[in-house]
Each structure stands twice: as C-alpha cells, then as structure tokens.
S.K.: 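First, the structure itself, so that you have it in front of you.
Counting convention: from 1, in listed order, for ligands and their atoms alike. If you read the sequence from its start, that first residue is 1, and numbering goes on from there.
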Amino acid sequence: MDHDLKRIFDSFIIEGTFLKAESFGSGHIHETFLIRTREPDKNDYILQKINNTVFRNIPELQENIERVTLHLRKKVSGIPGSDVNRECLQMMMCKDGKSWHTDDKGNFWRVFIFISDHRSYDIVDSPGKAFEGGRAIGRFQALLADLPGKPLHETIPSFHDVEKRISGFINTLKTDPAGRASETTMETDFILMRAEEMKIIQKLGREDKIPVRITHNDTKFNNILFDQNGKSLCIIDLDTVMPGYFHSDFGDAIRTGANVAAEDERDLSRIKMDINLFGAYAEGYLREIKDTLNNIEKEFLAFAPLVMTFEQTLRFLNDYLEGDTYYKIHHEKHNLQRTRAQMTLLKNMEEQYGVMQGIIRKLV
Ligand code: ADP
Ligand code: GN1
Ligand code: MG
C-alpha cells in the first residue's frame, strides 16, 4: 500500500483502534478506504484521500461539509424516531482541531463514521427503492433550505453550468490535447446538435425564473445509502453541496437511478430508462418538496434528466479528449465507453420525454 493508513488514521480523534484497511466503494473521485477497528463495540470508519485536483480549496470544501453535517444532525435529531448516527454523516476531527489531515506528501485526508450494514445501488432494481431514493433527496433539500449563515462556498466553480461546459468542450476540441478528437466525430456531432436546447436551465436561472437553492449536485443514486429493508438512510458525498438548481439533483438521480443498465454499459442494446422507476422516483421526490417548487421549476422538471445526461455525456467525452485527467478509469477507452452509454441513455429519454412530462404534470 502506498500510504501509511494507520498513521494517518491515528491523527484523528477516534474511539477504537486500527485493525485493518480495505479499498471501498465505486466512487470516481476520491480514494476511499474502510477502516475496521479492533473492538467489536466501536464504530468502523471511512478514510478518504481527498482528490485535490478536483477540489482545489480544501479548507473551504471541509468548512462546507462541517456546516452541512452539523445542520442536518440538528434537524434530524428533532425528528421523532430518527437515528442520527445512521441518518447523518459524521466527520471526525483531527488532534490539531481541523477536520482534515495533511500527510508528509501533501495529500489531504478525512474520516467519517462508517454507516454499517447499508446497501447502495449502482443499478436500481425496484420502483420501491426509486421512490425511497426520491424521498431521501427531497427531504435532504428540504432540510437544507434553512441552513443559517453565509452562502456555501462553490467547491467546483460553475459545476453544472452547461453553457460553460459547452464552451469548455469546444475549446478542448480545438486544442485536442491528447490527439483524440478525430476518433470521436460521431460523439462530438451528437453533443453539438443538442447544445442549444440543453442551455435552458441556465437561461431560466439567469432570467430569475428559477431560484438558486442549496442542492447536493452529485445525486448519483449510489450516493444514497439504504438499510437492509430498502428504506433510505443517509445521503453521502457532500463535497458539492452548494448553491444550485433543483433540476440538477432531480436530473442526475434519474440519470443514474432509472437506467436499467450500468452507467458505462458496453452493450448499448441493454441501456434504457425504465419509465416506472422514473415515475416512482418523481413521486417520492415530489411528495417531500412539491410545495416548495415554483411553476417554472415544475414545468422543466421532466427535462432535467435529459439535461443532466447530456452534461454527463459531454463531461465523459471531454475527459477522454483531455487524456483522462478527471475521472478514475479502469481501462484505456473507459471514458469513451461511458460517453457512448450516456448518449444511448439520452436518446432513449428523448423518445420517452412526452410520457415523462405527462407523469410530472399529474404529480404536481
Ligand atoms: P466519491 O466522490 O469518490 O464517489 P464518496 O464520498 O461517494 O466518494 O465515497 C465513495 C464510496 O464510499 C461511496 O459510494 C460509499 O460506498 C462509501 N462511503 C462513503 N462514505 C460512507 C459512510 N459514511 N458510510 C458508509 N459508506 C460510505
Ligand atoms: C462523480 O463522486 P462520484 O463518483 O459520486 C462526479 C459526478 C459525476 C459522476 C459520474 C465531484 O461522482 O459529478 O456525475 O462521477 N463527481 C464530481 O459517474 O465530479
Ligand atoms: Mg460518490
């Protein structure tokens, strides 16, 4: 192992002693380890090496998460029957009073209590889970609506600004840093053809038709932890909780939670959005948040999964063209494979868009 995980772990104020570490989870950004402690009655922990290429300002990132987790704990502990330790992330502090540790090589580390016996889903297998996931995200947004104090830091500037993503992509095409642009003309055309219509959420925001909210911004379905009975427990991966539009959270959860195949499925014939999963997620989500949404937010909710799937297609292709600098990849053309899978999903959503609109209209 490259890092002295025991030594790093020991710089945090922890109950329990280090027994062993194993790589954990399927996230694309950080290096995540599960730390087992020796004592059976003590918690286990998640130790993460924070990706500081993606997140450039670690103190601001950590300050956001400290504020958000504290607020959520306060609110959840006031809900009768809740179990704060399983429903809220808890970040541990270091002996020097910070919530992160810097090692000798300049890497940044943090620790959370491991939420044991959870389930998480890269692919959702039932409308019941989709409904629960929708409720969990709706509730998360509702709980954060009254976060006190100054606005959260923008941990990744313009994260879901599709207009900026498109101009960045056009620039990547021009500079072609990895010499791959000639390989991807079909995928590039697919993106450029749709570019104008996908700027809609940004435009509505600029025209003050939809408000800026506090949103999660990375509602990939596997960032919702469930218990063994299929009930949602806790939303994790809080790095991008910051000002944003509700549409990003709704859209990304559908992109990942209503696709019957994996995000990077190689066999494109297997990819489609299951309309029942879409409907169930929307129902759960709107049950929690419907009264908060304004009419324009409601009107454009059905289009949000298309925008987010478009954005993700563009992001994967952009990373391929840049020579795979952002996402962890597991083989040489992984980002291209992911691009094609997301294109297929988007085409399928386009075919079902009328039905998606009908479902949302009925629910709101
Ligand atoms: P990434 O940004 O790389 O996706 P995450 O914060 O989502 O990083 O963590 C990666 C994985 O680690 C998650 O998908 C989940 O499986 C697991 N994980 C993270 N935090 C916890 C936690 N507190 N309890 C249990 N599992 C966790
Ligand atoms: C990353 O961190 P993770 O794996 O949950 C990414 C998301 C992408 C997703 C695609 C900070 O999510 O924005 O939608 O990969 N997170 C960041 O799988 O860029
Ligand atoms: Mg994650």
S.K.: Does any donor atom in the side chain of Gln48 or Thr32 lie under 3.5 Å from an acceptor atom in the other side chain?
M.R.: yes

S.K.: Between Arg287 and Glu283, does any NZ, NE, NH1 or NH2 come within less than 4.0 Å of an OD or OE carboxylate oxygen?
M.R.: yes

S.K.: Can a donor-acceptor pair be found between the side chains of Tyr320 and Arg338 at a distance below 3.5 Å?
M.R.: no

S.K.: Does Arg165 make a cation-pi contact with Phe169, if we ask for NZ or CZ under 6.0 Å from the ring centre and within 45° of the axis?
M.R.: no

S.K.: Side chains of Thr17 and Glu39: any donor to acceptor distance under 3.5 Å?
M.R.: yes

S.K.: If the threshold is 4.0 Å, N to carboxylate O, is there a salt bridge linking Arg7 and Asp10?
M.R.: no

S.K.: Would one find an N or O of Ile29, backbone or side chain, under 3.5 Å from an N or O of ligand 1?
M.R.: yes

S.K.: Nearest non-hydrogen atom to atom 25 (C) of ligand 1 belongs to which of Phe114, Tyr327, Phe24?
M.R.: Phe114

S.K.: Consider ligand 2: state whether an atom of it lies below 4.0 angstrom from any non-hydrogen atom of Arg315.
M.R.: yes

S.K.: Would you mind checking which non-hydrogen protein atom is closest to atom 22 (C) of ligand 1, with the distance to 0.1 Å?
M.R.: Ile46 CG1, 3.7 Å

S.K.: What is the closest protein heavy atom to atom 19 (C) of ligand 1, and at what distance does it sit?
M.R.: Ile236 CD1, 3.7 Å

S.K.: Side chains of Asp239 and His30: any donor to acceptor distance under 3.5 Å?
M.R.: yes

S.K.: Please indicate whether any nitrogen or oxygen in His30 is less than 3.5 Å from any nitrogen or oxygen in ligand 1.
M.R.: yes

S.K.: Near Tyr326, which atoms of ligand 2 are under 4.0 Å from a heavy atom of that residue?
M.R.: 11 (C), 17 (C), 19 (O)

S.K.: Quick one: nearest non-hydrogen protein atom to atom 14 (O) of ligand 2, plus distance?
M.R.: Gln312 OE1, 2.6 Å

S.K.: Could you tell me whether some N/O pair between Asp237 and ligand 1 is separated by less than 3.5 angstrom?
M.R.: yes

S.K.: How long is the straight-line distance from CG of Leu363 back to OH of Tyr285, given to the nearest 0.5 Å?
M.R.: 12.5 Å

S.K.: So if I count the atoms of ligand 2 from 1 in the order they appear, which ones are less than 4.0 Å from some heavy atom of Phe55?
M.R.: 11 (C)

S.K.: Taking distance alone, with no angle check, do Asp218 and ligand 2 share an N/O pair under 3.5 Å?
M.R.: yes

S.K.: Crowded around Glu332 CD? As in, over 12 foreign heavy atoms under 6.0 Å?
M.R.: no

S.K.: Parallel, tilted or perpendicular, judged at 30° and 60°: which one describes the rings of His330 and His334?
M.R.: tilted

S.K.: Check this for me - ligand 1, Gln48, N or O atoms closer than 3.5 angstrom, yes or no?
M.R.: yes

S.K.: Among protein heavy atoms, which sits nearest to atom 23 (N) of ligand 1, and what does the distance come to when rounded to 0.1 Å?
M.R.: Ile113 O, 3.0 Å

S.K.: Other residues, nucleotides and ligands only: do more than 12 of their heavy atoms fall within 6.0 Å of CZ on Arg206?
M.R.: yes

S.K.: What's the shortest heavy-atom distance between Thr292 and Arg213, and which atoms?
M.R.: O-NH2, 3.1 Å

S.K.: When you compare the side chains of Ser248 and His160, does any donor N or O come within less than 3.5 Å of an acceptor on the partner?
M.R.: no

S.K.: Considering only heavy atoms of Asn223, which atoms of ligand 1 have at least one such atom less than 4.0 Å away?
M.R.: 7 (O)

S.K.: Identify the protein heavy atom lying closest to atom 26 (N) of ligand 1, giving its residue, its atom name and the separation to 0.1 Å.
M.R.: His118 CE1, 3.4 Å

S.K.: Can an N or O of Ser120 be found at a distance shorter than 3.5 Å from an N or O of ligand 1?
M.R.: no

S.K.: Under 4.0 Å from any heavy atom of Asp237, which atoms of ligand 2 are there?
M.R.: 2 (O), 3 (P), 5 (O)

S.K.: Which residue supplies the protein heavy atom nearest to atom 11 (C) of ligand 1, what is that atom called, and how far is it?
M.R.: Gly25 CA, 4.1 Å

S.K.: Among protein heavy atoms, which lies nearest atom 10 (C) of ligand 2, and at what distance?
M.R.: Glu263 OE2, 3.2 Å

S.K.: May I ask you to list the atoms of ligand 2 that are less than 4.0 angstrom from any heavy atom of Arg255?
M.R.: 10 (C), 14 (O)

S.K.: Does Lys20 NZ have over 12 foreign heavy atoms under 6.0 Å away?
M.R.: no

S.K.: What I want to find out is whether Lys220 reaches Asp237 closely enough, with some N-O distance under 4.0 Å, to be called a salt bridge.
M.R.: no

S.K.: Quick one: which ligand 2 atoms are inside 4.0 Å of a heavy atom on Tyr327?
M.R.: 15 (O)

S.K.: Within the 4.0 Å heavy-atom shell around His28, which atoms of ligand 1 are there?
M.R.: 3 (O), 4 (O)

S.K.: Run the numbers for me: atoms of ligand 2, each under 4.0 Å from some heavy atom of Gly27, listed by number.
M.R.: 4 (O)

S.K.: Assess Ser26: does it contribute an N, O or S atom lying under 2.8 Å from the Mg ion (ligand 3)?
M.R.: no

S.K.: Enumerate the atoms of ligand 1 whose separation from the nearest heavy atom of Leu89 is less than 4.0 angstrom.
M.R.: 23 (N)

S.K.: Answer yes or no for Asp218: is there an N/O/S atom below the 2.8 Å cut-off from the Mg ion (ligand 3)?
M.R.: no

S.K.: Students should be able to answer this: which protein heavy-atom is nearest to atom 24 (N) of ligand 1, and at what distance?
M.R.: Ile115 N, 2.9 Å

S.K.: Show which atoms of ligand 2 fall inside a sub-4.0 Å distance from at least one heavy-atom site of Asn223.
M.R.: 5 (O)

S.K.: Nearest protein heavy atom to atom 1 (C) of ligand 2, by residue and atom, and its distance?
M.R.: Ile29 CG1, 3.8 Å

S.K.: Only N/O/S atoms count here: what is the atom of Asp237 closest to the Mg ion (ligand 3) called?
M.R.: OD2

S.K.: Do Lys129's NZ or CZ and the ring of Phe226 fall within the cation-pi criteria of under 6.0 Å and 45°?
M.R.: no

S.K.: Can you tell whether the side chains of Asp103 and Lys105 come within less than 4.0 Å, N to carboxylate O?
M.R.: no

S.K.: Mind checking whether His247 and Phe300 have ring centres under 6.0 Å apart?
M.R.: no

S.K.: Atoms of ligand 2 less than 4.0 Å from Lys220 heavy atoms?
M.R.: 3 (P), 4 (O), 5 (O), 9 (C), 10 (C), 12 (O), 15 (O), 18 (O)

S.K.: Identify, for atom 12 (O) of ligand 1, the protein heavy atom at the shortest distance, and state residue, atom and that distance.
M.R.: Thr32 CG2, 3.5 Å

